[in-house]
Amino acid sequence: MKLLVTGGAGFIGSNFIRHIRQEHPDWEITNLDKLTYAGNLENLKDIQDQPGYHFVKGDIADRKLVDKLLSQGLDVIVNFAAESHVDRSILDASPFIETNVKGTQVLLEGAKKHGIQRFLQVSTDEVYGSINSGHFTEESLLSPNSPYSASKTAADLLCRAYFKTHHLPAIVTRCTNNLGPYQFPEKLIPLVITNALENKPVPVYGDGLNIRDWIFVGDHCRALDAVIQKGQLGGIYNIGGGNEKTNLELIRKLLELLNKPQSLIQFVTDRPAHDRRYAVDCTRITTELGWKPAYSFEKALNATVDWYLKNESWWRSIKSGEYAKYYERMYSHR
Ligand code: NAD
Ligand code: DAU
């Protein structure tokens, strides 16, 4: 099997490549990544020289490059490449449209031209919007509230349209919030861990009672692997950890694990249109594909904290670079 993995130098993409190398060493992987601020080849240092793995620096919205790569005879596309941070989409939505919408369309077009066997669009539960009680199923209305989630919704719908119109073998997965190694420290969990280790305030948006469902990144990767092998073409699969926590509950637990004072918590201005709760029904993937998460919340949180403690140079080099300017801009006025 020959895979084109896009965005493989990011958080989930790099964990996925590592998972595939371990589980299917005979599968060949081409990793196409633009290396934006979120892409980091350090995430794949142990893999970069392995036979059967190739890295290409480039943009998924670059039609010529995508055409050239796909003409080499690839079987599967797994599209992780995206602008992924809600707060950044509020500051400037343009790159989100370029990559998440146009980039996905360029990949779909390439997949159509070259007869790709499977196109896996790695999407998010955020396309459904917020839910006060109960769970979203794959049939629920799409109701995105941020420019990020709107751009991901557009990409999901393009996959649907290419399946319906051109019989393109697309499958969409919608996962909840991931935690684990190599997550960029702009996202809540690594932000809390690294700020706390630096004895810096931990910013909590609004009242801190927004709820997210957390899943260990390795469990998400196992789910994607199952979908590639057994997923129904044209299908949609929700993926969740079944670990709903308020942000405050999660942050308090992290500070406890790190032996840091709760006084580091600082309530700041809320995120505009901040979704109150995400929750998905995973009956379909569990019954059809036999997948279920292997990591409990406690095990996932411990493994994540442990990784950041052991990989201080990884996050310190990110936090001292360009990211410092973003952080200043993002949090100075909150
Ligand atoms: P990330 O921001 O850590 O990584 C994104 C990667 O995409 C980076 O390596 C970046 O360089 C690359 N990229 C960005 N624009 C590109 C372009 N135009 N061409 C090629 N590469 C480009 O993101 P992540 O958290 O790993 O998320 C990966 C995917 O999973 C995204 O599509 C996201 O929407 C989805 N997702 C994320 C989560 C989560 O909790 N992080 C949950 C559900 C779904
Ligand atoms: O649900 C899946 C989504 O999860 C993915 O599609 C996105 O790519 C990913 O970024 C994530 O989105 P969230 O907005 O849920 O994640 P984030 O880590 O930015 O925020 C998690 C929660 O914590 C959210 O309610 C906002 C809050 N928050 C976040 C930050 C960065 C804070 O209270 N303080 C912060 O500093």
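Note that ligands are numbered from 1 as they come in the structure, with each ligand's atoms numbered from 1 the same way.
Looking from atom 34 (N) of ligand 2 to the surrounding protein, the closest heavy atom is P203 O, 2.8 Å. Of the protein's heavy atoms, D125 OD1, 2.5 Å lies nearest to atom 1 (O) of ligand 2. Atom 14 (O) of ligand 2 has R271 NH1, 2.6 Å as its closest protein atom, hydrogens excluded (heavy atom only). Distance from atom 26 (O) of ligand 1 to its nearest protein heavy atom, with residue and atom name: I12 N, 2.8 Å. Annotation: atom 5 (C) of ligand 2 to nearest protein heavy atom, Y148 OH, 3.6 Å. Residue, atom and distance of the protein heavy atom nearest to atom 36 (O) of ligand 2 are Y331 OH, 2.7 Å.
Both the backbone and the side chain of N177 come within contact range of ligand 2, each with a heavy atom under 4.0 Å. Neither the backbone nor the side chain of Y37 has a heavy atom within less than 4.0 Å of ligand 1. Contact annotation: for K187 versus ligand 2, heavy atoms closer than 4.0 Å belong to both the backbone and the side chain. At a 4.0 Å heavy-atom cut-off, ligand 1 does not touch H85 at all.
No salt bridge links K245 with D213; every basic N to acidic carboxylate O contact stays at or beyond 4.0 Å. Looking at E328 and K325, no side-chain N of the basic residue comes within less than 4.0 Å of a carboxylate O on the acidic one, giving no salt bridge.
Not one N or O on the side chain of D125 forms a donor-acceptor pair closer than 3.5 Å with the backbone of Y278.
Here is the list of ligand 2 atoms found below 4.0 Å of a heavy atom in T124: 1 (O), 2 (C), 3 (C), 5 (C), 6 (O).
Ligand 1 is approached by G58 to a heavy-atom distance shorter than 4.0 Å. For the ligand labelled ligand 1, residue S123 lies inside the 4.0 Å heavy-atom shell. Residue F184 places every heavy atom at 4.0 Å or more from ligand 1. In this structure, Y182 falls outside the shell of residues with a heavy atom less than 4.0 angstrom from ligand 1. Residue T6 places every heavy atom at 4.0 Å or more from ligand 1. Residue contacts with ligand 1: N79 is excluded, as none of its non-hydrogen atoms falls under 4.0 Å.
At under 3.5 Å, a nitrogen or oxygen of S84, whether backbone or side chain, sits near a nitrogen or oxygen of ligand 2. Residue contacts with ligand 2: L188 is placed with a nitrogen or oxygen under 3.5 Å of a nitrogen or oxygen of the ligand (distance criterion only).
Comparing heavy-atom distances from atom 23 (O) of ligand 2 across I189, N247, D213 singles out N247 as nearest.
Two residues are said to be in side-chain contact when any heavy atoms from C-beta on lie closer than 4.5 Å; D219 and W291 meet this criterion.
When the shell of 6.0 Å around CZ of R271 is examined, it contains more than 12 heavy atoms from other residues, nucleotides or ligands. Atom CD of Q262 is surrounded by more than 12 heavy atoms from other residues, nucleotides or ligands within 6.0 Å.
With ring centers used as reference points, Y323 lies under 6.0 Å from F184. Aromatic ring centres of F16 and F80: separated by under 6.0 Å.
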